[in-house]
Structures are given as C-alpha cells and as structure tokens.
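Step one of this worksheet: look at the structure below.
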Number of protein chains: 2
Amino acid sequence: MQIMQESMLPPSIEQLTTFMAVARQASFAGAADVIGKDASVLTRRVHALEQHLGVKLFERTTRRLALTEAGQRYLERVSRALEELTSAQQEANTLVSVPRGWLRLSLPRTFAHRCISPWLPEFMAAHPEIQVDARHTDQYVDLVAEHFDVAIRLGETLSDSGLVARPVAEYGKYLYASPDYLQRKGMPTHPAMLDAFDGLIYTGAAQPAEWLLSEAGQQVLVQPIVRLASDDVVTLLRAACCGLGVIASADWAVQDELANGELVKILPTWSVGPRRSVYVVTPSRTLLPAKTRVFIDWASQRLAQQLETANGMS
Amino acid sequence: MQIMQESMLPPSIEQLTTFMAVARQASFAGAADVIGKDASVLTRRVHALEQHLGVKLFERTTRRLALTEAGQRYLERVSRALEELTSAQQEANTLVSVPRGWLRLSLPRTFAHRCISPWLPEFMAAHPEIQVDARHTDQYVDLVAEHFDVAIRLGETLSDSGLVARPVAEYGKYLYASPDYLQRKGMPTHPAMLDAFDGLIYTGAAQPAEWLLSEAGQQVLVQPIVRLASDDVVTLLRAACCGLGVIASADWAVQDELANGELVKILPTWSVGPRRSVYVVTPSRTLLPAKTRVFIDWASQRLAQQLETANGMS
DNA sequence: CTTTTTTACGTAGACCGTAACCATC
DNA sequence: GATGGTTACGGTCTACGTAAAAAAG
C-alpha cells in the first residue's frame, strides 16, 4: 500500500483547458472571454501549471505572447489527451442514449422458451445495435458478480437485497391433462377425486409429490399416484399430452397445448399453490444504460400482455 | 466568441484517478489506502463522476464491486489519456535545464550505506533545488510503475529489458577475517586450507554455503564450517570483526574495516565468484531530466573512483 | 494614455475528515 | 460482529471576482 506521490499527479483539468485556450487565442484576455472567467483567473492557473511542471510555457510581455518550445510540445500532447478524454465521455454518453452493446440476460429456461424466445428476434430487429447474451438457468445467480444487465425471475417473493425487482405480471399454476386421459378417467369435479389420478411431478426444487389446491379461501391437499417424476418440464408436458396423467403447470407454459387441444384445464377454479409473479430484476435503479431500459420496456409490455391472455384462457 | 459548455467539460483529474484506482483495486477501501484519502472521499468522487457522465461505472453492493460495460470502456480510454498526460509531463521535464524537483532513487540498502550516503549530502548541497526520495530495497522493483528516476543495481548481468543500464564500476568479492581470528587459526596460504575455517554465510539470495574461489583460471570450491548464517550483511560483518570467522564480501563493503584494522584480506589474489558490476539504471527515455543527468554524472564519477580505491587496497 | 497582464484581498463555496449509518458475510 | 460502502455535518482551505497596480507600446 504505497502512497501516491503528489509530485507525480497530473495538473488539474482547469489548468490544462486554460492553458489550451490561452495558447489557441494567443491571449489571456481573449481566452478569458472564451472560458467565461476573469483574466486574473487564467493568469493564476497558467502560473500554477508552470510551477507544477517546472517549465515556462509562454514567453509573455503585455504586448506579445508566444509558446515556448516546451509549451508547444506540451500543448500538442495535452490536446491529444483531452480529446481522448472527451471522446471517452461521448462514448459513455451514447451508451445511455443509444441502445447498443452486449445485453446479458439471465433467464429461467422454460419461461424463456415459452415467453421470451417468441419475441426476442423481433426485439433484436428493432434494435440492431444490441447484441444479446442470453444465459438460461433455473438457479439464481449473482447479477453483479457475473455482469448481468437484466434477469427475469419467477416466484412468490424475492429475497435479494441490493437489487431492484419490478413485478411485471402475475400468474398461477393449474392442473392440466390430455382429453383422452380425461375420457378414460372421467373429468374430476372436486379435488378430492384427484387422489385416484396419475400425477406428473416436477422434482426440480425438491417439491413434495402433492398439490395444495385452493379456491376462494378453501384449501385441499391432494396426493396423486406418481408414475413419472422429472426435473425437466418439457418431459412432463410431453407425457401429459400423451395421456400419461395430470400435470401442475404455470398457465403461460401450456398456452400452445391448450390452443391446439392437446391439453385441457382441470378444475379451472382451483389453483395449485400460491399466486406467483414475474419479476424483471436489475442491479440498480439509477443510470441504466439505454440497452437495459429498452429491454425492460419491451419485456414488461410483452409479458404483461402475454400472461394476461394466458390467464384468460380456460 | 462562444462560451464553453459546462456539460462538455471533462471531469476533474481527482475523479478520474480515483475511478482508476477503485477499478484497479476493485475496492473503495483498498483504493483509499493507495490514494491516501478516506474512503468516503472516493465514493463521493466516483458518484460525482457517474453523475457527470450520466453513466453508472460500477455495480456495487457492500460486498461486491464490478465495472459496468460502460465503466470498462471508459476505464480503458481514461487510462490512455492520463498516461499521455504524465508522459507529456515527463517530456516537459526533460526540457528544463536546471536540476530541480523530486529525484526518486532505488538503491540496494547496504551499498547505499557504504557508497552513496557518504556523498549524498554533498550532492544535495551542490544542487539545492533537488529533492531526494531515496528508497532502499534489495529486490528489483519496477522503475516505471513506481516512478523511479534512477536505480543502482549490482550483479553479473542485468536481464531487465526496456531499461537502460550503464555499468559504472566493477568489483569483486574477497575473503576477510579479523586479525585475532587469523592469529588463532593461522593465515591460510591456499584455498584448500579454508575447509577448516568458520564461514559467515549470507543467505539473502539462496546462495549455497560454499565459496568458488578463482585465481588466474584456476578454480577451487571451498566448504567452510558454518556457524553463523544471516540475510543481513551488517550482522555478518560485525561477527567477522569480532573474530567469529571468515566472510566473503564485496571489497567496497569493507573499506572502513580494512582501514582501521578490524578486518584483514585473506588470499588476496583469490576472488569469490565472478566479477560483478555496479549499474546505473534509468527508464528508457531518450531525454533525461536535468536532475537525473546530474545525478548520473555525480554517481558515475564518485562510484568509479570509490570502487577503484577499494580495489587497490589489499 | 490605452491595453493587457499581474498582484492584493476578502469572501463564498467546495472538499476533506470524523463519525454515524447501513448492509453483507 | 466485522468489514466495506454510504451519508451527514462542521471546519478549513482553495479558488474566485473585484479592483488596483505594473508594464509595454
């Protein structure tokens, strides 16, 4: 832990810009107009700069003002440095005003397949300068450490602190089965009847092989017969469509299957477990880059609309 | 005469250097040590910079800190700009004809005590505008990174690239012991006899406890009895003067002891190991500041003269 | 004498350090 | 409870503008 040398610190920006202005105008008084400060200020700044460098930058009388050789060399390089600096600033600025650059997304795999992937190409077409790095995972990751710009997360509540979670839509889980399966077993009219049905159980989050159904305050615990358990939602859905049993699924996950008749909703007024939300999560709220803001807007709008229609289907 | 836009003004140097330090240390607390200011100062500076740019540079929680994409880009370009600035400053320094300002020296500790310290006050008196920052170390340091103007280095060859090493003097290592020790053990007349003597061994550079003596092409490997080993030369010298054994030492390190009779040279025609050189090293700038040139001149002359007399003493 | 640069001086605001606060591990 | 980042507050110190002085043509 070494302490920086005062003597090696660069001069102040004010000194440098003042020096440049005076050199360009070849006059303190002229530069004073440009900068909008009194000439006395400029004298002091230039003097301080010369002191700091140990070099005389100008040869000056009251009537003439000329750069010394050291001054000319220094001017050239200082100009380059400050140009680099302002250009860096402009680049930084474009990142907040123009949507561009890599957008790193952390998405729940199945949700992304059903609810993000459909409109992602359209989003990218609308913002051709955005590059997307979509990482799919079903565990929570450290947004900051892994440099994610946005994450989509599902659940009842979010425990993460330090992050900003915006709820953009709600959804519930319901029971579904294929029409032919229901024809064989009969359509249940009360949850209690489900104990005799086959359950297709998701084992991803160490969930028990039972369903807590609720309708308007009433709750019923159902324990179906388990013939197939898996940690992969797609596998379970395929099985359900093929008539292997009943599946508890988020409504947004079965829109297609409902539409083409592969699945039918069972006990449509009874939902499985509590109501859940879709959250759009970012590392912070302020000073978001344009790419992030644009994605959040797009995602919020699309997801809200999409999940509402899913909700509306029976 | 158009007045400069406030919004286009670059941020302050303090903000920029602070940003760089925090980014490099990946920590506000760490950067606080480096800069030598309180961490609260740094957060304010970084916050102000972010506000000024309108961009978040770090994503930070109390436990994690990472550059945003904008921050990475900005860091790169700011680094370049500031390097240009300090480099411009150094160039300006080379054009000053009067030796003045801070002169940062990197010196081997023992060598400095014996061969630099004696004339350093005289040097400073001759150049009253020079301020000296003499750092003592026995490891090689990065001259450029730590902003040293000159380093003195000892050894057979120098591997450093990008640096300019000027050999200014040569020296050899020889064997010495106190008169009373030699009276007790007898004065050896051939290296082979030394195996029965006590060796005072320097363990600084993982050297073996043996001496490779050479005289006019002949070489003899001697393995003395080791009763004292140390990584501190002064300790060994004191021990030698007190009659604890034989020490292998650079001739310049024992001039005083030879002069006042505390030590006597053994087998004066046999040297220990290869011949070595004293180098004056500077960063590879073609143009050197006056302060540096003046020091190099002084050091070259003094060291050459000093080591020659040391060489001449028997 | 006029124009331009430099110095003197009193004030206002910025910036720093201390210390309390908050969050994370 | 310890570490690290942020915020609040009071004091100091710099840097500004006014204005007068000095220098040059």
Side-chain angles (χ1 to χ4, degrees), chain A residues 1 3-4 6 9 11-19 21-52 56-68 71 140-146 158-165 283-287, chain B residues 1 3-4 6 9 11-19 21-52 56-68 71:
Chain A
M1 54 181 70
I3 292 177
M4 275 189 176
E6 282 285 330
L9 275 178
S12 81
I13 290 287
E14 284 73 22
Q15 287 171 8
L16 296 175
T17 51
T18 301
F19 164 59
V22 171
R24 271 208 259 257
Q25 304 294 319
S27 150
F28 280 81
D33 288 342
V34 175
I35 296 187
K37 297 263 151 100
D38 192 88
S40 66
V41 175
L42 308 200
T43 317
R44 253 172 291 152
R45 285 182 180 175
V46 170
H47 183 72
L49 179 57
E50 289 178 326
Q51 195 100 344
H52 181 92
K56 242 175 124 50
L57 267 8
F58 295 111
E59 286 301 342
R60 44 194 188 275
T61 70
T62 55
R63 212 55 189 177
R64 265 212 163 50
L65 188 141
L67 282 166
T68 62
Y140 286 1
V141 297
D142 185 333
L143 288 201
V144 176
E146 305 199 27
L158 286 189
S159 60
D160 274 276
S161 47
L163 301 180
V164 181
S284 60
R285 171 167 279 121
T286 59
L287 300 176
Chain B
M1 292 301 149
I3 291 179
M4 275 190 175
E6 281 285 330
L9 274 178
S12 82
I13 290 286
E14 284 73 22
Q15 287 171 6
L16 296 175
T17 52
T18 300
F19 165 59
V22 172
R24 271 208 262 265
Q25 303 292 320
S27 148
F28 280 81
D33 287 341
V34 174
I35 294 187
K37 298 260 151 101
D38 193 88
S40 65
V41 176
L42 306 200
T43 55
R44 253 172 297 164
R45 286 183 180 173
V46 170
H47 183 73
L49 180 57
E50 290 177 327
Q51 201 89 352
H52 180 91
K56 232 171 174 335
L57 297 170
F58 296 110
E59 284 301 345
R60 44 194 188 275
T61 67
T62 55
R63 222 54 192 180
R64 275 227 146 62
L65 189 142
L67 281 168
T68 61

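Numbered from 1 within each chain, the chains take letters A, B, ... in sequence-line order.
- For A:Arg45, counting side-chain heavy atoms from C-beta on, the closest listed nucleotide (D:dT6, D:dC16, C:dT6) is D:dC16.
- In this structure the side chain of A:Val144 never reaches within 4.5 angstrom of the side chain of B:Phe58, judged on heavy atoms.
- Residues forming a side chain to side chain contact (heavy atoms under 4.5 Å, CB included) with B:Gln15 (at least two apart in sequence, or on another chain): B:Pro11, B:Ser12, B:Arg45, B:Ala48, B:Leu49.
- Listed here is the closest heavy atom pair of B:Leu9 and B:His52: O-NE2, 3.0 Å.
- In this structure, NZ of B:Lys56 is placed 13 Å from P of D:dG5, rounded to the nearest angstrom.
- Shortest non-hydrogen contact noted between A:Val141 and A:Glu146 is CB-OE2, 4.0 Å.
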Show the distances under 3.5 angstrom between N or O atoms of the protein and N or O atoms of nucleotides 11-14 of chain D.
none

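- The salt bridge (Lys or Arg N to Asp or Glu O under 4.0 Å) search around B:Asp38 returns none, not counting sequence neighbours.
- In this structure A:Phe28 satisfies the ring pair (Phe, Tyr, Trp, His ring centres under 6.0 Å) test with no other residue, sequence neighbours excluded.
- When every heavy atom of B:Arg64 is checked against every heavy atom of A:Asp142, the shortest pair comes out as NH1-OD2, 3.0 Å.
- For the pairing with A:Gln25, the side-chain contact (heavy atoms from CB on, under 4.5 Å) check across A:Val34, A:Ile35, A:Asp33, A:Leu65 returns one residue only, A:Val34.
- Set against D:dT6, C:dT6, C:dT5, the side chain of A:Ser27 has C:dT5 as its closest nucleotide.
- At whole-Å resolution of the value, CG in B:Asp33 and P in D:dG5 are 11 Å apart.
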Worksheet item: How would nucleotides 17-25 of chain D be written as a contact map, 5' to 3', with B for base contact, S for sugar-phosphate-only contact and - for no contact, using protein heavy atoms under 4.0 Å?
Response: BBB---BSS
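- Checking side-chain atoms of A:Glu59 against main-chain N and O of A:Ala66 turns up no donor-acceptor pair under 3.5 Å.
- With rounding to whole Å, A:Leu42 atom CG is found 12 Å from C:dT4 atom C1'.
- With a 4.5 Å cut-off on side-chain heavy atoms, A:Thr18 and A:Leu16 do not count as touching.
- If one axis is set at each end of the helix from C:dC1-D:dG25 to C:dA20-D:dT6 from five pairs, those axes are 40° apart, to 10°.
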